[in-house]
Amino acid sequence: DLCHDPEWHVETLSCLDHPNVTSGKQLMPGVTAQFVEEYREREGEDSPEWAARILGEFPETDDVSLISMALVAACEDAPPVSEGVHMGVDIARFGGDENVLIVLEDRRCIELESWRGADTMETTGRILATMQRYDCKPESVHIDVIGIGAGVVDRLHEQGHMVDGVNFGAGPQGDWAGIVSQEIEFANRRVELYWACRELLKRGELCIPSGMEVRRVITDICSPRYEYMSDRKIKLEPKDRIKKRIGRSPDHGDALILALSRTGSMIPKMRQLF
């Protein structure tokens with residue numbers, strides 16, 4: 001995070017600039033020209049390992065990461081896609097985690113809010129205030145319904161705001177069938193929405209402007225790694241493992257992913273049937 005903070009000055013030290021490598025002689029203990037050449041032959045100059053271990057740079061991609069930072073950066077100035085306003089809200093499960101709310105307007109991130117504390121009434125009030133500020137329809141508000149989030153969703157429903165409760169552990173919903181290949185099978189809702197995020201970025205139809213304080217969002221959505229299960233379904237690594245690796249829960253990234261749920265648009269149609 002500090003390396004991407006404009007208030008910090010960052011120096012990159014490349015193995016290619018090491019005196020042992022530039023001279024071809026062992027002038028001091030440390031990296032050798034032979035080590036560099038062996039790494040070049042084994043990993044290749046286009047690999048994330050070469051970027052990290054030899055050039056001292058952040059890799060643009062990771063063989064097992066679902067979304068790369070390069071992909072996000074390529075969409076910083078993506079044009080808007082007419083879709084109106086959608087909100088994603090990730091509700092904190094533990095005392096140390098944050099509640100995070102993200103607003104997308106025409107698939108462009110325009111606001112990010114975060115606050116600590118698990119008071120469901122306060123959280124409900126914040127959500128309603130943001131809905132009013134952006135004239136966001138209830139079915140376009142997508143809230144993590146697992147754990148404490150269920151209480152927030154229940155309270156909003158009780159008040160007549162039929163928001164979209166999203167259960168990451170539920171099965172795939174197919175709401176991005178026109179974007180995500182139907183030949184791909186997903187283990188659950190979480191990986192389905194993350195995959196939709198990647199496809200939208202690849203198409204230039206999702207924008208996270210660099211001018212916003214969104215470093216946490218970008219880091220979070222680029223953190224999850226994926227793998228294939230024995231039945232060929234794709235799954236993401238558990239949040240606990242991500243939290244252990246990056247030192248926090250990826251709440252900011254999950255809020256953005258929640259904002260991509262589109263099953264809420266079915267609610268008004270279902271209500272009309274009764």
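Scope of the values below: all heavy atoms of this structure, side chains included, with no hydrogens, waters or symmetry mates.
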What pair of heavy atoms forms the shortest contact from [X] to [Y], and how long is it?
X	Y	value
V89	L258	O-CD1, 3.1 Å
M131	P138	CE-CA, 3.9 Å
R232	Y228	O-CD2, 3.5 Å
G204	C75	CA-SG, 4.0 Å
S261	D164	OG-OD2, 2.7 Å
F186	P172	O-CG, 3.5 Å

For the [atom1] atom of [X] and the [atom2] atom of [Y], what is their distance to the nearest 0.5 Å?
X	Y	atom1	atom2	result
E139	C136	CD	SG	8.5 Å
R262	Q173	CZ	CD	14.0 Å
L256	L112	CG	CG	10.0 Å
K233	I184	NZ	CD1	14.0 Å
L16	H18	CG	NE2	11.5 Å
R189	I146	CZ	CD1	12.0 Å

### Message
Using a 6.0 Å cut-off, check whether atom CG of D135 has over 12 heavy atoms from anything other than its own residue.
### Response
no

### Task
Assess whether atom CD of E83 is packed by more than 12 heavy atoms of other residues, nucleotides or ligands within 6.0 Å.
yes

### Message
Please determine whether side chain to side chain contact (heavy atoms under 4.5 Å, CB included) holds for the pair R216 and V100, giving the CA-CA distance in whole Å, both sets of side-chain angles, and the decisive distance to 0.1 Å.
### Response
CA-CA 11 Å; R216 284 277 299 272; V100 183; over 6 Å; no

Are [X] and [Y] packed together at the side-chain level, in the sense that at least one heavy-atom pair is separated by less than 4.5 angstrom?
X	Y	answer
D154	E158	no
L128	Q159	yes
I148	T120	yes
L193	W176	yes
S223	T219	yes
M229	E185	no
V163	I127	no
C109	I102	yes

### Message
Test side chain to side chain contact (heavy atoms under 4.5 Å, CB included) on I179 and R203; report intermediate values, then the result.
### Response
CA-CA 9 Å; I179 301 294; R203 295 162 67 109; 3.4 Å; yes

Hey, is the main chain of [Y] close enough, under 3.5 Å, to the side chain of [X] for a donor-acceptor pair?
X	Y	answer
S68	L71	yes
N188	V191	yes
E237	K239	no
Q182	V180	yes
E45	W50	no
D144	G149	no
D106	G84	yes
N167	V145	no

### Message
Please verify the inter-ring angle class for H142 with H86; under 30° counts as parallel, over 60° as perpendicular, anything in between as tilted.
### Response
parallel

### Pairing of K202 and E199 as salt bridge, 4.0 angstrom limit
yes

### Task
Check the pair C222 / V72 against side chain to side chain contact (heavy atoms under 4.5 Å, CB included), numbers first and verdict last.
CA-CA 9 Å; C222 293; V72 177; 4.0 Å; yes

### Task
Establish whether V81 and I110 are linked, either directly or via other cluster members, by ILVMFWY side-chain heavy-atom contacts under 4.5 Å.
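V81 does not cluster with I110.
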
### Query
Do L260 and I234 belong to the same hydrophobic cluster, where Ile, Leu, Val, Met, Phe, Trp and Tyr are linked whenever their side-chain heavy atoms lie under 4.5 Å apart, directly or via other members?
yes

### Task
Give the intermediate values and the outcome of side chain to side chain contact (heavy atoms under 4.5 Å, CB included) for residues D220 and D254.
CA-CA 8 Å; D220 286 0; D254 281 353; over 6 Å; no

### Query
Between T32 and N20, does any side-chain donor sit less than 3.5 Å from a side-chain acceptor?
no

### Query
Would you say the side-chain atoms of R155 and T123 include a donor-acceptor pair closer than 3.5 Å?
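No, no side-chain donor-acceptor pair sits under 3.5 Å.
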
### Task
With salt bridge (charged side-chain N to carboxylate O under 4.0 Å, His left out) as the test, would you mind laying out the steps for R126 and E122 before giving the verdict?
CA-CA 6 Å; R126 281 177 174 267; E122 178 186 353; 3.6 Å; yes

### Query
Who else is in I242's hydrophobic cluster (ILVMFWY, side-chain heavy atoms under 4.5 Å, direct or via others)?
I246

### Task
List the steps and the verdict of salt bridge (charged side-chain N to carboxylate O under 4.0 Å, His left out) for E37 and R40.
CA-CA 5 Å; E37 290 307 312; R40 191 195 311 272; 2.9 Å; yes

